[in-house]
There are 2 protein chains.
Amino acid sequence: MELQVIKTDRLYIKVAQQLSKLIRDGKIKPGERFPAERDLASQLGVSRPTIREAMIALEISGIIEIRTGSGIYVTGKKPTLYTIDRGVGPFEILEIRYIIEAEACALAAERITETQLAQLRTALREMEEEEKQEDATEKADWKFHSIIAEASQNSAIYLVVNWLWELRNQSVLSTSFLESIRKEGIHPSLNDHKRILEALEKRNPERARIAMKHHIDNATSAAAAHFGPEA
Amino acid sequence: MELQVIKTDRLYIKVAQQLSKLIRDGKIKPGERFPAERDLASQLGVSRPTIREAMIALEISGIIEIRTGSGIYVTGKKPTLYTIDRGVGPFEILEIRYIIEAEACALAAERITETQLAQLRTALREMEEEEKQEDATEKADWKFHSIIAEASQNSAIYLVVNWLWELRNQSVLSTSFLESIRKEGIHPSLNDHKRILEALEKRNPERARIAMKHHIDNATSAAAAHFGPEA
DNA sequence: CCCTGTCAATTGGTAATACCAATATAGTTT
DNA sequence: AAACTATATTGGTATTACCAATTGACAGGG
């Protein structure tokens, strides 16, 4: 018999759970602002430092955004994975994306809804628009991949894929790497994405898997040609 | 031209980065205790609430453990992924593990060191010992899979695999599910793990991939037989 | 009527101080 | 040597204060 350590949750954790429940229940919608810290403290019967501690937990999970002098806003983002010490290199990101996004694509081919197909078409059009701009942000590219992860109907896959994209965008190493790629005119291939979409429209898991692998292979080759494969 | 929002980091983030650097640099080793909050505040020239806010960030990344009345200890864990709202079901965990751990195993077959092979043999022996106990915790099972993820030499894979295991152990739904499985005498198959180890010893990626897929298939079938596949 | 500038109120950021509760350590007693 | 007690050290939470950023209201000028 193994005894478990009795550890009561700290107050800030309880408060954070309560506040995230307000968001989950739709009481405070994306874009809306929380009551001020002082008001929340009063309503919940806790101190302002405790509210601030709870807000830190919510902030780093990504579901709120804190703006000094303005307020605390619900981002509308799903809670994301978070790591403080990011030492993941760009090729490691590509390698794990090759593994996970290919299979996510195959699962999506079986499980995708018509709504999600329509969303993918929209994202593809946005990518076409983005490509005309000089310093596009690849928001549409991320959206495209995020919809596929969502269509896999596995929330762990969804969380991990979005974390990888966030990692890719936040990492100093990765962003300077991506900026160099952009300057050299290397863009995510629209043709690759069109093939992915076609495979999903045909609900063909094998073709979807192959199309996504091909796409990430291309991205990896482009990166390797730029930096060399050891980066 | 796209303007970027100028946003300075908050003080607690700067402090958290500094403190995690102390750990990374080996200044404070696993098991060791941080100076008291009051002392840290004095040394860093910030207030105690700011130290506490920074510690919250480190706590939920898993690299420190806070014990009331005792102190703040370095856990020795690598920073883990963290999500507040865990809605990932046990079958979703198994599904993504099927995807990622199989490929991690194939990569490990190419990249594993003799030291890691020795660590795997030790973990296997510990699993044998654990199986004799009535309420084993599967620590050795986790260790076995964690070593393989590490041997893949992809830190993103390592982070995600450990996050999945932590998710599996922390989720209320998953732990009650695992407890039911344990009560019915369903244990992780030692034979499966032996086959995985053999494939890694032979440095055969294809056999390693197949062995890991077979193992997770077996775990999924056992779970499905118990709960039904919609859980 | 619209735009700009100013001021005050509201908001978050950080700090200092206080007190409570949990733990650890040292000393005393059995 | 072990057990018990007391004290010091530690984290947990709260109160209050002040600073800085933002927002909104209002007034004045074009």
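In the text below, chain A, chain B and the rest are named by the order of the sequence lines, each starting its count at 1.
A donor-acceptor contact under 3.5 Å is not formed by the side chain of R67(A) with the base of dG13(C). Interface remark: the R48(B) side chain does form a donor-acceptor pair with the dG12(D) base, using a distance-only criterion of under 3.5 Å.
At whole-Å resolution of the value, CD1 in I72(B) and P in dT23(C) are 15 Å apart. Atom CZ of R10(B) and atom P of dA21(D) are 14 Å apart (whole Å). If you measure from atom CE of M55(B) to atom P of dT14(C), you get 16 Å, rounded to the nearest angstrom. The CZ-C1' distance, from R52(A) to dA14(D), rounds to 14 Å in whole Å. Per the geometry, CD1 belonging to I13(B) stands 14 Å off C1' belonging to dG12(C), to the nearest Å. Across the protein-nucleic acid pair, L11(A) atom CG and dC19(C) atom P stand 20 Å apart, rounded to whole Å. Taking atom CD1 of I64(A) as the reference point, atom P of dG12(C) lies 10 Å away to the nearest angstrom. Between the CD1 atom of I51(A) and the P atom of dG13(C) there is a distance of 13 Å, given to the nearest Å.
Near-neighbour residues of DNA chain D inside residues 26-46 of chain B, defined by a heavy atom below 4.0 Å, number-ordered: A36(B), E37(B), R38(B).
When the side-chain nitrogen and oxygen atoms of T50(A) are compared with OP1 and OP2 of dG12(D), none of them lie within a distance under 4.0 Å. Taking side-chain N and O atoms only, T68(B) has no distance below 4.0 Å to OP1 or OP2 of dG11(D).
Here the side chains of I63(A) and V74(A) are not in contact, with every heavy-atom distance at 4.5 Å or above. You'll find the side chain of V161(B) stays beyond 4.5 Å of the side chain of I148(B), heavy atoms only.
By the side-chain contact (heavy atoms from CB on, under 4.5 Å) test, P30(B) pairs with no residue at all, sequence neighbours left out. Considering only residues two or more places apart in sequence or on other chains, F144(A) meets the ring pair (Phe, Tyr, Trp, His ring centres under 6.0 Å) condition with H193(A).
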Exercise. Do W165(A) and D141(A) pass the side chain to side chain donor-acceptor pair (under 3.5 Å) test, and can you show the C-alpha distance, the side-chain angles, and the key distance before you say yes or no?
Worked result: CA-CA 10 Å; W165(A) 276 83; D141(A) 195 7; over 6 Å; no
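A salt bridge links E59(A) to R10(B): at least one charged side-chain nitrogen sits closer than 4.0 Å to a carboxylate oxygen. Ion pairing of E103(A) with R97(A) is absent here, as no side-chain N (NZ or NE/NH1/NH2) approaches a carboxylate O to less than 4.0 Å.
Summary of the strand contacts: E53(A) and G69(B) both lie near DNA chain D, and taking for each the nucleotide with the nearest heavy atom, the more 5' one is attributed to G69(B).
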